[in-house]
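Following: one structure in structure tokens, then a few remarks.
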Amino acid sequence: MEEYNQKQLERVISDEVPVYKNIEQNLEYVKKILGDSSDLVVREFRIDTLNIKVAVVYLDELINKDITQNYLIRPLMKLKESEALPGEPWETIVNEVQAGETKELEQMKKAVEGLLSGDTILLVDDLEKALLVGTKGWAGKNVGEPRAESVVRGPTESLNETLSSSLGLIRHRLRDPSLRVKYHTIGKRTKTTVAVLYIEEISEEDIVKEVEKRIREIEIDGILETGYIEELIQDQIWTPFPLMQNTERPDSVVAHLLEGKVAILVDGTPHALIAPAVFSQFYNSPEDYYERYLISTFLRFIRLLSLFIALLLPALYIAFVSFHPEMIPFQLALAMAAGRATVPFSSIIEALIMEFSVEILREASIRLPGPIGPTIGIVGALVIGDAAVSAGLVSPAFVIVVALTTISSYANPNYNAAISVRLIRFPLMILASMFGLIGVMCGLMLLLLHLVQLRSFGVSYMSPFSPLNLQGLKDSLVRIPWPWMKKRPVIFRTHNQTRLHEVRKENES
Amino acid sequence: MSRKTASKDKITSYQAFTLLYSTLFGVGVMTLPRDVGEKAGNDLVWVIFLSGFLVFVLVYLISTLCQRFPGMTFTQYTAEILGGSQKKWIGKVLSIPFVLMVVVFFILGIGTVLRMFGETITSSMLRHTPLEAIMLILILTVAFGAGSKLEVIAKLNEFLFPITLAPFLLMLFAAVQRGDFTNILPLFQINLSNIIEAILRGGYSFAGYLVIMIFAGFYQEPGKMKKIHTISLISIIVSYWYLCVITLGVLGIEEVKNIMFPVLEVAKSVKLEDMFFERIEAVILSIWLVTAFTSILNLYAAFVQVIIGFFHLSEKYRLWISFLTMPGLLLLAMIPKNVPEIGTYGEIVGVYEIGVSLLVPLVLLLIAVIRRKKGEVNLEIDSSSK
């Protein structure tokens with residue numbers, strides 16, 4: 001039965017139903033499709049001066065009531081004789097509506113879509129036309145601060161859940177006439193607006209086309225977050241690494257747009273997607289470009305170090321302790337052996353227990369309500385740090401390793417890239433427990449092999465290192481001073497290459 | 001909904017440079033001073049250039065052949081050279097001996113390098129792990145890698161190349177700390193018959209250059225091939241020479257002759273007491289592992305490519321072939337009973353490679369010149385082989 005209704009409904013919507021002449025028939029159609037929802041408001045009234053019956057239809061809560069009531073209904077109700085154009089009721093009505101966005105509709109399908117996205121529909125009796133009035137205005141959030149990507153220096157505004165507001169934040173920073181914003185409506189049921197942003201003069205046409213093509217191909221019932229799109233349009237499924245970057249910083253979006261990349265914004269989520277992405281950009285923070293270049297370069301070096309620690313330290317610990325104790329300094333090896341003397345497990349079991357408990361703590365601390373979080377952190381630290389060591393269950397050296405690993409993985413400015421490193425750590429630890437350093441090296445080789453073959457929208461994931469691009473290296477491991485980065489990165493195949501023209505010569509004094 | 005964007009990019013010139021460099025470097029670096037030193041004594045210092053020149057001639061010959069057929073793979077142009085214009089299968093059948101000769105080299109090459117690799121690890125790092133287990137994980141890793149496209153292999157080589165340069169700095173430390181360059185003297189003590197043998201022995205240390213015959217078909221700029229290969233080979237000769245001089249300087253010729261892996265021994269002797277590692281060995285071995293890994297990987301990938309190219313198999317069988325041939329190669333690598341025997345096998349492989357890389361390109365080139373066969377400049381040709 002339900003299936004039958006479903007089919008009926010789909011048939012009704014998909015058919016190109018025109019706006020009927022009879023207003024009652026139109027209203028009946030709307031009610032049938034929306035199933036007599038309680039939030040559907042229909043206000044019918046008669047414009048006496050024109051002697052015509054009209055109906056205003058909207059979904060409560062989705063619209064800005066101020067506009068609908070004061071600038072749509074009121075002027076029509078109080079229409080004066082003198083303002084009416086004789087014989088042209090439609091033109092009169094359109095003239096009277098005091099709203100910025102109006103659209104003439106001839107299909108009921110468009111009218112229903114408009115209703116669902118917060119517009120008001122004005123139906124007029126005896127005319128085969130309906131008027132859509134832009135009255136979108138649902139409850140949104142004010143512009144807040146980015147939660148995950150905080151910086152010391154730089155703007156602290158964040159994109160938010162309302163697409164128009166996010167777009168505003170971007171347009172405000174990028175007053176470029178060649179910034180293109182393309183809307184797509186994705187999701188059979190959610191009808192989510194997805195905006196694709198790029199700068200026409202800079203971005204490579206093929207990449208933009210490819211992004212839009214993949215987005216158009218999506219057929220899903222609902223899009224609630226950019227994550228849906230990310231997984232549906234990425235180049236390869238079998239990879240732990242993110243092939244697109246997400247950010248909630250408008251300044252970061254603009255910076256990427258200026259590098260010729262494409263940004264994807266989804267209504268209802270503050271996270272924008274940036275495509276294509278390369279590996280090294282996940283280890284860059286927007287702050288790198290705001291701080292002085294020496295500091296930025298140093299910070300990038302620190303992040304690289306922390307990447308290696310987060311990825312390799314537990315595996316190396318296992319390898320050295322179980323296979324190559326002769327390679328670590330004698331005193332240290334002695335201390336480590338003494339610490340391990342009471343530990344009843346092999347080093348891999350010890351490592352897995354510790355790593356998993358830290359992972360659980362991490363996960364729990366995100367879920368816990370604000371005030372309890374730090375408490376659990378302290379309890380956890382006490383339990384897995386101090387108590388476990390005094391009980392002789394783990395060696396003190398490994399507590400240090402775990403602590404370093406955990407902290408290091410937080411040094412990464414991008415959360416999703418950090419998670420992939422957290423994941424890869426475990427297979428490396430197991431390899432280390434089986435074959436020592438050789439196992440770790442083999443694991444690393446496979447990892448590298450995987451990384452070099454990855455692509456994000458046709459751009460090699462490991463560029464500018466492989467394929468080597470000397471110009472791209474200027475902004476990779478190091479961040480050279482702005483005056484020397486006169487060209488946009490080639491790896492994203494940008495047009496209009498020059499981004500910096502006149503360079504002020506250093507004062508020679 | 002996996003959308004692997006069709007990889008249009010080919011092996012760039014820099015990648016070609018690193019490919020040849022890494023393939024040769026990983027094979028010979030550990031044993032070169034001993035191999036040549038046994039015959040040449042102190043004259044190793046200059047004999048190595050003669051060996052390099054010998055290999056250079058061979059590489060130049062191969063490059064000439066490959067450059068004549070730009071954008072065509074080895075199996076394609078062999079069939080083209082030998083075949084008639086109507087009956088393509090004749091060329092195919094006639095090309096079998098040539099292809100077989102090359103394939104046999106790759107099989108033997110992979111076997112010896114793999115075994116050498118395993119032996120080095122068991123003797124220096126994992127003394128209690130059985131050799132078979134170590135070789136199994138190595139070849140599993142390599143086979144998995146060889147299942148990817150040649151472009152990916154080239155990219156990996158490119159990425160790893162800077163890492164393989166690190167030991168040179170370390171060797172400099174060794175030279176400064178313990179080097180005594182009077183060890184190199186006296187020179188010119190060698191007699192003529194030993195020179196020939198020493199040169200040949202040096203030639204084996206450069207083993208692996210046959211891979212360019214396979215990889216050359218995928219170059220982005222086939223026209224630059226000779227130049228790139230020459231630069232790459234000169235870099236290797238200079239690197240080997242540098243390592244030999246320092247090894248000789250630190251250890252002296254008598255020790256070099258008697259130590260299995262003299263270069264490793266020198267690297268181990270570096271004292272960096274303030275650093276974390278008591279013995280720098282771990283770092284050196286890890287880096288050497290990288291070079292040896294890329295070496296085997298390149299050989300293996302070339303081997304798989306020859307099979308794919310010869311039977312016109314589609315890309316999806318690459319990983320299958322790579323894994324199906326793995327057990328055979330592993331068994332082959334287990335044949336030598338001990339390290340000296342591997343050395344003997346290594347020599348045979350070296351002689352064989354010199355023979356193959358002299359014979360195959362020379363014969364093919366001659367026939368090509370006589371029959372006036374020449375590859376088209378059109379680079380799209382090789383898309384049929386993919």
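These numbers come from the heavy atoms of this one structure, side chains and all, not from hydrogens, waters or symmetry mates.
In this structure, SG on A:C442 lies 11.5 Å from CD1 on B:I139, to the nearest 0.5 angstrom. With values rounded to the nearest 0.5 angstrom, A:M441 atom CE is found 11.0 Å from B:L138 atom CG. Separating the CD atom in A:Q453 from the CD atom in B:E151 is a distance of 12.0 Å, to the nearest 0.5 Å. From A:H450, atom NE2 reaches atom CZ of B:F144 across 9.0 Å, with rounding to the nearest 0.5 Å.
With a 6.0 Å radius and a threshold of 12 heavy atoms from other residues, nucleotides or ligands, B:F168 has its CZ atom above the threshold. Counting heavy atoms of neighbouring residues, nucleotides and ligands inside a 6.0 Å radius, atom OH of B:Y317 does not exceed 12 of them.
Counting heavy-atom pairs closer than 4.5 Å to chain B, the top-ranked of the candidates A:V440, A:L437, A:I438 is A:I438. When A:F465, A:W238, A:F435 are compared by the number of non-hydrogen pairs under 4.5 Å with chain B, A:F435 comes out ahead. Between chain B and the residues A:L431, A:L446, A:L444, the largest count of heavy-atom pairs under 4.5 Å involves A:L446.
Heavy-atom distances place no part of B:I153 under 4.5 Å from chain A, backbone and side chain included. Interface remark: B:Y14 contributes side-chain atoms only to the contact with chain A (heavy atom separation under 4.5 Å). With a threshold of 4.5 angstrom between heavy atoms, B:S286 approaches chain A through its backbone and through its side chain. For B:L140, no part sits under 4.5 Å from any heavy atom of chain A, backbone or side chain. Using a 4.5 Å cut-off between heavy atoms, B:A154 does not touch chain A at all.
Heavy-atom proximity under 4.5 angstrom to chain A picks out B:L289, B:V290, B:F293 from residues 287-295 of chain B.
Sorted by first and then second residue, the side chain to side chain donor-acceptor pair (under 3.5 Å) pairs involving residues 304-319 of chain A (not counting sequence neighbours) are A:Y317-A:S395.
Between B:F159 and A:L448 the shortest heavy-atom distance is CE2-CD2, 3.2 Å. Closest approach of A:P467 and B:E158 over heavy atoms only: CA-OE1, 3.1 Å. Of all non-hydrogen atoms in A:L449 and B:G145, the two that sit nearest each other are CD2-CA, 3.0 Å.
B:L156 is not listed as a side-chain neighbour of A:S466, based on a closest heavy-atom distance of 4.5 Å or more. Side-chain atoms of B:T12 and A:L468, non-hydrogen and from C-beta on, never get closer than 4.5 Å to each other.
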